[in-house]
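This report refers to the structure that appears directly beneath it.
Keep in mind that this is a model prediction, so the values were computed, not measured. Chain naming here is simple, since letters A, B, ... match the order of the sequence lines and numbering starts at 1 in each.
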Amino acid sequence: MKLGIDPAAIHALAAWFRDHGRPYHFRRHPTPYSVWILEVMSQQTQIARAEERHRRWLERFPDIRTLAAAGEEEVLREWEGLGYYSRARNIHRAACQVMDAGGEMPTTRDGLLSLPGIGAYTAASIASIVHGEPVAAVDANVRRVLRRVFAAPDLADGRIETLLAGAFEHEPAGVINEALMELGEQLCRKTRPRCLECPLAEGCLACRSGRTELERQKPGSGRTRLSIAVACLRCRGRYLVEEAPQGELWAGLWRFPCRIIGQEEDPEAVVRQLGAERGLRLGSLQPLGGKYTGGHTRYSIHLLPYCGSARRALRAGGAGDWIDPREDGGRTFPTLFRRLLEALPVKDRKD
DNA sequence: GAGGCGTGGAC
DNA sequence: TGTCCAAGCCT
């Protein structure tokens, strides 16, 4: 029970972080803007992946002004592949909000909390790392580490914040916050923690009792299997794409006409139906080669794409656009559909 | 407060 | 060719 109080453990943690912290490029020149983007990118996303994209993002949108001046479409497109797209929409909204308020980001945790997409963790992280505010950034790593140290599987975030407040008198909050996160990633992992190398092992109740498996997993977190028939319909070398409506998977992103189908349904027939509903006459359809499977938040998805030529039998009334697969017009596609788009035949044949 | 939101890495 | 889950947030 000394972590929040024992200065020696705090110093050991900080020392471990100085020696073993990874040399991520984002740690080189932390600015309010770059830390903000990094923290949002890393929400529910492994840090190594966020780091790659963070670099690219800063080249595209080097500051808040540039970001706010861009359209949401551009911002979403830069985010493509990272998932949880509301994060990108919120980043853009927040940038506009900051510019409207004079162009300076809030510097305190409470101020940061007023921005969309910035919650308890992200606000504390930015405030502590950039501005030295002594507040705890409690993420899944910090939670796991502290719960183990105190052998308290139900230790609440509020309690964790209080415990860490004591630590911030001995080492900077930004250092402790990052150190705990990295400790959780490198040593205090969910399975097979490496206690022998851990700077907190001496005072860790879980380690001392040999009971490190404190995690309780939620039941019923399995994914539902979903098969989706996809219509890749070509007309004069262009393919029909549509924006997914609210309430459907990938809402607000672009995709081919598609429909979730049951086990016994014939995907080809569904594709014909999709075409007919849009006033299209279809030629022969061919299944597109390759496997298009992937995950969604709560689904395991299998795309069944059919490719074919189409003619507009009626006047086009659909909400979709016909696009050249090589020029998507800056539209954002879910990863699975992006892969489809890239696999499409581009040759300009009769249709 | 539970459920929804994407994707790829680690076993 | 499966399961679990990341530097969470919003409604």
Task: More than 12 heavy atoms from other groups under 6.0 Å of CZ on A/Arg55 - done: no
Open item on the list: Could you tell me how far C/dT11 sits from B/dG6 if I compare only their P atoms? Round to whole Å.
Closed with: 14 Å
- [ ] Have a look at A/Arg225 and say if it touches a base, only the backbone sugar-phosphate, or nothing, with a 4.0 Å heavy-atom cut-off.
- [x] sugar-phosphate
Task: Near-strand residues of residues 51-62 of chain A, defined as heavy-atom separation under 4.0 angstrom from DNA chain C - done: none
Check nucleotides 8-11 of chain B against the protein and report each pair of N or O atoms closer than 3.5 Å, with its distance, or say if there are none.
unit_1: B/dG9; atom_1: O4'; unit_2: A/Gln46; atom_2: OE1; d: 3.0

Open item on the list: If you count heavy atoms of other groups shown closer than 6.0 angstrom to CD of A/Glu73, is the number above 12?
Closed with: yes
TODO: Quote, to the nearest angstrom, the P distance that separates C/dA7 from B/dA2.
DONE: 23 Å
Task: Check: A/Thr45 side chain, B/dG6 base, donor-acceptor under 3.5 Å - done: yes
Open item on the list: Can you confirm whether more than 12 heavy atoms, excluding those of A/Glu197, are under 6.0 Å from its CD atom?
Closed with: yes
Open item on the list: How many whole angstroms separate atom OH of A/Tyr121 from atom P of C/dC10?
Closed with: 14 Å
Open item on the list: Quick check on C/dC4: is either OP1 or OP2 less than 4.0 Å from any side-chain nitrogen or oxygen of A/Lys190?
Closed with: no
TODO: Using a cut-off of strictly less than 4.0 Å between a heavy atom of the residue and any atom of DNA chain C, enumerate the qualifying residues of residues 246-261 of chain A by number.
DONE: none
Open item on the list: According to side-chain contact (heavy atoms from CB on, under 4.5 Å), who are the partners of A/Pro134, at least two apart in sequence or on a separate chain?
Closed with: A/Phe168
Task: Side-chain heavy-atom pair A/Glu248, A/Arg255 within 4.5 angstrom cut-off - done: yes
Open item on the list: Would you say that more than 12 heavy atoms from the other residues, nucleotides or ligands in this model lie under 6.0 Å from the CZ of A/Arg159, or not?
Closed with: no
TODO: Nearest whole angstrom, please: distance from the C1' of C/dG2 to the CD1 of A/Ile301.
DONE: 16 Å
Task: Nearest-angstrom distance from the residue atom CD of A/Gln43 to C1' of C/dC5 - done: 15 Å
Open item on the list: Need one value for A/Thr122: base, sugar-phosphate or nothing, where a base atom within 4.0 Å counts as base even if backbone is also close, heavy atoms only.
Closed with: sugar-phosphate
- [ ] Rounded off to whole Å, could you give me the OH-to-P distance for the A/Tyr84 and B/dG3 pair?
- [x] 14 Å
Open item on the list: Tell me the interatomic distance from A/Arg89, atom CZ, to C/dC10, atom P, rounded to whole angstroms.
Closed with: 14 Å
Task: With A/Trp250 via ring-ring contact (aromatic ring centres under 6.0 Å, His included) - residues at least two apart - done: A/His296, A/Phe337
Open item on the list: So A/Leu187 and A/Pro199, do their side chains get closer than 4.5 Å, heavy atoms only?
Closed with: yes
Task: Phosphate contact (B/dT7 OP1 or OP2) by A/Tyr85 side-chain N/O below 4.0 Å - done: yes
TODO: Using a 4.0 Å heavy-atom cut-off across all strands, classify A/Leu82 as base, sugar-phosphate, or nothing.
DONE: base
TODO: Could you check how far OH of A/Tyr299 sits from P of B/dG3, rounded to whole Å?
DONE: 13 Å
Open item on the list: Are there over 12 heavy-atom neighbours, none belonging to A/Glu104, within less than 6.0 Å of that residue's CD?
Closed with: no
Open item on the list: Using whole Å, what does the distance between atom P of nucleotide C/dG8 and atom CD of A/Gln44 come to?
Closed with: 5 Å
- [ ] With a 4.0 Å heavy-atom cut-off, tell me which residues in residues 25-33 of chain A come close to DNA chain C, sorted by residue number.
- [x] A/Phe26, A/Arg27
Open item on the list: With no hydrogens and no angle check, just 3.5 Å: does a side-chain donor-acceptor pair link A/Thr45 and A/Arg87?
Closed with: yes
- [ ] Look at atom CZ of A/Arg27 and say whether more than 12 heavy atoms of other residues, nucleotides or ligands are closer to it than 6.0 Å.
- [x] yes
Task: Whole-Å gap separating P (C/dC9) and CE (A/Met41) - done: 16 Å
